[in-house]
Amino acid sequence: MNDPDRTDHPSSPPSLVGDTGTDDRAGSVARRTFLGRSAALGGAAMITPAALVGCGSEDSAGQVTGGDDYTPGSADLQVEIAPEIDGILYPDDYVGPRARELEPFGDGTIDFTILSQTDPELDLATNYYSTLLEQTTGVKASYVTVPAGEDGKTKVNAIVAGGELPHALMVGQDIFNPSEISIYGQQGLFIPLDKLIDENAPHILDMFDSFPNMRQQYTAPDGKLYGVPSMNDCYHCKSANVRTWINQDWLKGIGASSPETLEEYVSVMDEFRAFSGRPDASVLTTADADTMLQLFQFFLGSFLEIPDLWLRRTGSTLEWHHRDPAFRAGIVWIQEQFAAGNFDPGIFSNTAEQYQKLGDGPDGPRFGVGYGYSTYQFSAAADYTDPDSAALIMTPLAPMAGPDGVRTAQWDHFSYGYLNYVITPECPDPVQLIRWADYQFELGLTISGGRGEQGVGWDFASEGQMGIDGQQAVYEVLPTPEDLKNTAWREWGPLYKSMSQRHGEVVQESNPSVEPILFRAAELYEPFATPEESGVPPLVLDMDQSAQIGEITTNLESHLKQAMAAFGTGAKDASDDADWDEYIATASSIGIDTYTEIHQAAYDAQNG
């Protein structure tokens with residue numbers, strides 16, 4: 001079964017680069033730049049004519065897609081939404097998928113090929129959820145699988161460049177972002193889905209009715225929707241990019257509570273340093289090299305509102321806020337913490353495994369404060385039943401007020417879903433495949449996609465059972481035998497997990513999970529959330545914009561990491577005008593102004 005601590009973050013925490021439309025719960029710089037470091041864009045462009053066969057060639061009259069002149073939302077729905085199952089309990093304010101009586105619609109005469117990510121624990125050909133889908137929909141599918149992460153992206157790029165496309169691709173959080181899907185769609189590798197959804201997908205339309213921005217946000221610049229947007233409205237993920245934790249055992253040892261200001265933080269670090277109960281070889285504040293910028297961004301929130309590490313919005317104007325004196329003041333303060341020994345210089349070199357070893361020390365976590373998207377970041381052996389586990393010793397640290405009273409934390413107001421299902425022109429019957437996706441927006445299938453068989457991995461809640469948010473629960477996760485494998489998917493396929501659905505999980509003292517911990521962390525951070533008006537919403541970039549942004553983004557992040565290492569080790573001084581001017585000038589030469597202008601143009605196009 002799935003590791004519940006990794007459900008929303010299959011590989012790594014959110015990127016700190018400017019958002020080009022990906023979900024904020026997933027990953028690395030490469031995921032937010034067009035095709036990462038591969039050259040598959042050119043290959044895709046070259047194979048476009050070869051891809052335009054199959055159902056695309058049969059759509060010359062626009063019967064399937066509606067053609068170039070189709071207006072989204074104008075076709076009449078031809079399939080009724082399935083009736084609700086009686087007896088399922090929902091909170092009064094529940095908004096999300098509902099349990100419905102689904103009947104098969106396919107006849108199994110076509111063997112559809114569908115690409116999906118996978119991992120060594122899964123065999124989609126024999127997987128329980130794969131079998132359940134075939135039984136529920138009547139649609140027969142054979143799965144073309146690729147690894148998760150960057151290796152999978154490379155393999156998919158090779159498949160696309162080769163011109164032999166499967167009928168559909170579940171491209172999820174790791175493979176293509178909205179800009180890439182938009183570009184490939186406009187090249188003809190993916191078909192427009194608006195008319196197909198409007199006529200054949202009542203459950204997807206039900207989500208659009210409840211959350212209208214889902215359709216608007218993921219529509220390409222040409223006005224077409226090339227992928228099915230799945231909702232995964234994760235409350236705790238909204239603050240995860242800067243979530244930071246503090247060692248409660250050490251706080252108890254010094255008789256202190258969590259600091260509320262940076263001044264108090266410095267005092268607590270002084271007391272931690274002198275604490276006799278601190279394990280040998282421990283450090284005060286740390287992270288790993290891949291997540292150090294998230295930790296720094298947490299502390300920078302005590303100096304200015306920083307909704308994104310690169311850009312902020314004032315009205316409709318985007319700006320690079322590193323030129324703000326408050327940003328520099330925050331960097332100077334961080335530099336001072338390294339000089340004082342409060343920040344661990346190991347931040348610049350720690351691997352993810354080394355960081356976890358610090359967390360899983362035999363005598364408790366060997367650090368006082370650390371960054372963590374979730375507990376898995378600093379503990380490979382998290383045990384939510386063991387009070388001596390790092391997962392329970394480390395508790396969320398609220399944002400702290402800075403010298404001018406600023407107390408903010410990045411809050412992602414925009415990423416509540418992602419495009420993760422596309423249909424190609426090779427598909428012999430796109431109506432069946434859009435309905436196959438649509439059925440997975442039903443509550444039971446959405447839960448089974450993550451937990452497997454009802455009655456084994458999960459079941460509907462009973463009256464009086466409370467959910468994560470303290471209201472009537474909708475479903476409960478059942479303890480799963482260790483030998484029960486290959487029963488569910490990851491969050492790679494179509495799904496509809498609204499915030500109400502996610503919070504409808506029963507809180508069980510006998511079978512605790514990380515979700516209640518992360519929910520309380522989000523509640524702790526929300527009062528200090530950066531305002532929605534200062535953030536930059538996800539932007540869909542065109543081919544030229546994407547090509548430029550990729551290299552600039554990679555180089556900007558590398559430059560910032562190198563600068564922070566220089567400031568942290570004393571090689572340079574952020575308080576020295578010459579050194580600071582050099583940082584700014586280098587960012588300018590890399591292309592930060594071009595980066596800002598491209599995002600401004602995309603923002604104006606989407607919001608004009």
Side-chain angles (χ1 to χ4, degrees), residues 8-9 12-29 31-32 232-246 262 265 285 287 290-314 318-322 324 326-331 333-334 369-374 377 396-402 404-416 499 518-539 553 556-557 560-561 564 595-596 599 603:
D8 301 303
H9 28 82
S12 59
S15 169
L16 293 168
V17 304
D19 197 347
T20 57
T22 59
D23 132 23
D24 211 39
R25 309 167 185 88
S28 66
V29 175
R31 288 188 220 159
R32 297 229 182 171
N232 195 352
D233 195 5
C234 170
Y235 175 61
H236 69 74
C237 298
K238 297 181 186 304
S239 59
N241 200 44
V242 294
R243 186 176 297 133
T244 299
W245 307 70
I246 191 165
L262 293 185
Y265 163 84
T285 298
D290 287 337
T291 61
M292 66 176 179
L293 294 183
Q294 279 99 326
L295 179 69
F296 297 155
Q297 189 174 343
F298 169 79
F299 286 100
L300 287 168
S302 299
F303 292 85
L304 75 166
E305 289 179 357
I306 186 164
D308 176 271
L309 193 58
W310 306 113
L311 298 179
R312 68 183 176 197
R313 176 167 56 100
T314 303
L318 310 187
E319 63 176 344
W320 182 52
H321 49 65
H322 292 211
D324 188 324
F327 183 89
R328 181 184 181 184
I331 298 298
W333 183 88
I334 291 172
V369 171
Y371 168 77
Y373 185 101
S374 183
Q377 205 93 48
L397 173 63
M400 295 170 285
D404 294 326
V406 177
R407 191 178 188 185
T408 68
Q410 179 191 4
W411 188 269
D412 187 352
H413 294 274
F414 305 105
S415 294
Y416 38 75
M499 193 176 293
L518 299 180
F519 179 82
R520 291 193 296 272
E523 287 188 311
L524 188 67
Y525 278 57
E526 189 172 14
F528 312 106
T530 52
E532 182 175 351
E533 295 75 18
S534 70
V536 180
L539 302 175
T553 299
L556 280 175
E557 180 164 331
L560 179 56
K561 285 186 173 182
M564 292 305 302
Y595 178 95
T596 305
H599 283 86
Y603 178 85

- Message: Using the ring centroid of each side chain, check whether Tyr595 and His599 are separated by less than 6.0 Å.
- Response: yes

- Item | Pro531 versus Ser534, closest heavy-atom pair with distance | O-OG, 2.9 Å

- Taking every non-hydrogen atom, the tightest pair across Tyr371 and Ala287: CB-CB, 4.2 Å

Extract all donor-acceptor atom pairs below 3.5 Å that involve side chains of residues 520-529 and protein atoms in other chains or at least two apart in sequence.
unit_1: Tyr525; atom_1: OH; unit_2: Thr244; atom_2: N; d: 3.0
unit_1: Tyr525; atom_1: OH; unit_2: Thr244; atom_2: O; d: 3.4
unit_1: Tyr525; atom_1: OH; unit_2: Leu397; atom_2: O; d: 2.6
unit_1: Glu526; atom_1: OE1; unit_2: Tyr235; atom_2: OH; d: 2.6

- Expected output: side-chain His236 to main-chain Leu518 donor-acceptor under 3.5 Å: no

- How long is the gap from CD on Glu532 to CZ on Phe414, to the nearest 0.5 Å? 4.5 Å

- Message: Return the CE to NZ distance between Met499 and Lys238, rounded to the nearest 0.5 Å.
- Response: 4.5 Å

- Pairwise distance CH2(Trp310) to CG(Leu318) - rounded to 0.5 angstrom: 15.5 Å

- Query: With a 4.5 Å limit on heavy-atom distance, are the side chains of Tyr416 and Cys237 in contact?
  - Reply: no

- Query: Are the side chain of His413 and the backbone N or O of Thr530 linked by a donor-acceptor pair below 3.5 Å?
  - Reply: yes

- Task: For the pair Ser239 (side chain) and Trp411 (backbone), establish whether a donor and an acceptor sit closer than 3.5 Å, ignoring hydrogens and angles.
- Result: no

- Backbone N/O of Tyr373 and side chain of Arg243: donor-acceptor pair under 3.5 Å: yes

- Closest non-hydrogen atoms of Gly301 and Val406, given as atom of the first, atom of the second and distance, are O-CG1, 3.5 Å

- Message: Let me confirm one number: the CG-CD distance from Leu309 to Gln410, rounded to the nearest 0.5 Å.
- Response: 8.5 Å

- Message: Restricting to side chain to side chain donor-acceptor pair (under 3.5 Å), what partner residues turn up for Arg312, sequence neighbours left out?
- Response: Glu319, Asp324

- List the atom of Gly372, the atom of Trp245, and the distance in Å for their closest heavy-atom pair. O-NE1, 2.8 Å

- Is Trp333 close to Phe299 at the side-chain level, that is, under 4.5 Å between some pair of heavy atoms? yes

- Task: Give a yes or no answer on whether the side chain of His321 reaches the backbone of Asp308 with a donor-acceptor pair at less than 3.5 Å.
- Result: yes

- Message: Side chains of Ser302 and Tyr265 only: does a donor on one sit below 3.5 Å from an acceptor on the other?
- Response: no

- Query: SG/Cys234 to CZ/Phe519 distance, rounded to the nearest 0.5 angstrom?
  - Reply: 11.5 Å

- Of the options Leu560, Leu556, Ile331, which is the one that meets His322 in a side-chain contact (heavy atoms from CB on, under 4.5 Å)? Leu560

- Message: As an exercise, state the distance from CG of Leu300 to CD1 of Ile334, rounded to the nearest 0.5 Å.
- Response: 4.0 Å

- Side chains of Arg313 and Pro307: does their closest heavy-atom pair fall under 4.5 Å? no

